[in-house]
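Okay, so here's the structure we're looking at.
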Amino acid sequence: MVSLEDIELKALENDVPIMDPEGLDFMIDQLKEHHATSLLEIGTAVGYSASMMVTQVDHLCIDSIERDHNRFLEAKKNVEALGLEESIHLFEADALEFNNDDLTFAPYDCLFIDAAKAQYQKFFEKYIGLVKEDGFVIVDNLDFHGMIYDIPHIKNRNTRALVRKIKRFKDWIFNNDAYEVTYYGVGDGICIITRKD
Ligand SMILES: C[S@@+](CC[C@H](N)C(=O)[O-])C[C@H]1O[C@@H](n2cnc3c(N)ncnc32)[C@H](O)[C@@H]1O
């Protein structure tokens, strides 16, 4: 018998990045508040956030995409062990190359982007069309551990380049006339994006 706690502990032990508890609680509250029943997750990892969400939000169904083979297999194992395979459908693919028609629960009340940070804008543009008119998008890690506020002092070049890309997405979405963006300093910085009327 596997529990959600076992999955969380194993992920932490193996350095698999999973959503922090504060961010996850916040997200679950948002899903409940919006009465969300369908969600697309980009970045399954081992299925921890998806399993937490479907067990805490009534009637929620999730399509989730993961490109890493081993993590996908682990997620599949976890979802099956928890008996959640009817409400969580997993897809092994690079979300940027994936055929959207294969998804099962679209259109979505919520799009949750939690994959390669440098690609946020591309994920957003590829999948926003599958979000219902009154749906919303959640993006995590927008502060990148506070580094986004002090980019010139980031010593590692690759990290600096990555944080610049996150900032570019943040600037793009906040200045986009088509969307309303609300930022929450929860966890590592979460924003909720909705369409303007
Ligand atoms: C932060 S983890 C996801 C954590 C998970 N949502 C949770 O909280 O339990 C990000 C995952 O996105 C995956 N990923 C990154 N780029 C991707 C892409 N282009 N398509 C699909 N998955 C991707 C990574 O392999 C990684 O497992």
Side-chain angles (χ1 to χ4, degrees), residues 2-31 36 38-57 60-82 84 87-100 102-103 105-106 108 110-128 130 137-145 147 158-159 161-163 165-166 169 184 186-192:
V2 77
S3 71
L4 278 158
E5 204 183 11
D6 296 335
I7 297 171
E8 180 188 16
L9 288 177
K10 191 170 173 198
L12 295 172
E13 270 168 28
N14 293 307
D15 289 326
V16 174
I18 54 170
M19 207 173 183
D20 64 84
E22 199 192 355
L24 198 47
D25 281 350
F26 172 81
M27 204 171 140
I28 287 168
D29 285 346
Q30 292 293 321
L31 293 167
S38 53
L39 179 144
L40 172 61
E41 176 180 61
I42 314 292
T44 320
V46 292
Y48 175 67
S49 53
S51 302
M52 284 290 282
M53 289 187 278
V54 299
T55 47
Q56 294 196 39
V57 182
L60 183 67
C61 289
I62 298 183
D63 280 333
S64 187
I65 309 173
E66 172 59 51
R67 71 175 171 190
D68 181 277
H69 180 61
N70 291 331
R71 287 186 185 167
F72 168 78
L73 290 182
E74 177 96 20
K76 210 164 155 19
K77 198 179 81 191
N78 289 335
V79 165
E80 281 168 13
L82 293 167
L84 299 173
S87 39
I88 301 176
H89 291 177
L90 299 172
F91 301 87
E92 182 182 2
D94 183 324
L96 292 175
E97 289 162 14
F98 185 70
N99 178 1
N100 296 3
D102 291 342
L103 293 166
F105 297 121
Y108 301 100
C110 178
L111 165 63
F112 171 40
I113 302 177
D114 196 24
K117 295 166 187 52
Q119 313 281 354
Y120 279 168
Q121 187 172 338
K122 287 188 181 153
F123 294 130
F124 184 90
E125 288 174 330
K126 181 163 169 19
Y127 291 104
I128 186 66
L130 297 180
V137 182
I138 297 190
V139 187
D140 189 23
N141 297 120
L142 281 183
D143 285 350
F144 206 69
H145 319 298
M147 289 185 201
N158 292 340
T159 310
L162 173 61
V163 178
K165 284 186 181 153
I166 298 174
F169 171 73
Y184 299 88
V186 185
D188 197 22
I190 291 183
C191 76
I192 296 203

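Just so you know, ligand 1 is whichever comes first in the structure, and atom 1 is the first atom listed for that ligand. These values consider heavy atoms only, across backbone and side chains, with no hydrogens, waters or symmetry-generated copies.
Ring orientation note: the planes of Y120 and F169 are nearly perpendicular, at an angle over 60° on the 30°/60° scale.
Partners of E66 according to the side chain to side chain donor-acceptor pair (under 3.5 Å) rule, which considers only residues two or more places apart in sequence or in another chain, do not exist here. With sequence neighbours left out, K117 forms a side chain to side chain donor-acceptor pair (under 3.5 Å) with no residue at all. Under the ring pair (Phe, Tyr, Trp, His ring centres under 6.0 Å) criterion, Y127 pairs with no residue at all, not counting sequence neighbours.
Counting all heavy atoms, side chain and backbone alike, E41 lies closest to S64 at OE1-OG, 2.6 Å.
The environment of NZ in K126 is crowded: more than 12 heavy-atom neighbours from other residues, nucleotides or ligands sit within 6.0 Å.
Near ligand 1, residues P17, I18, M19, E41, G43, T44, A45, Y48, S49, I65, E66, R67, D68, R71, A93, D94, A95, D114, A115, A116, F123 come within 4.0 angstrom through at least one heavy atom.
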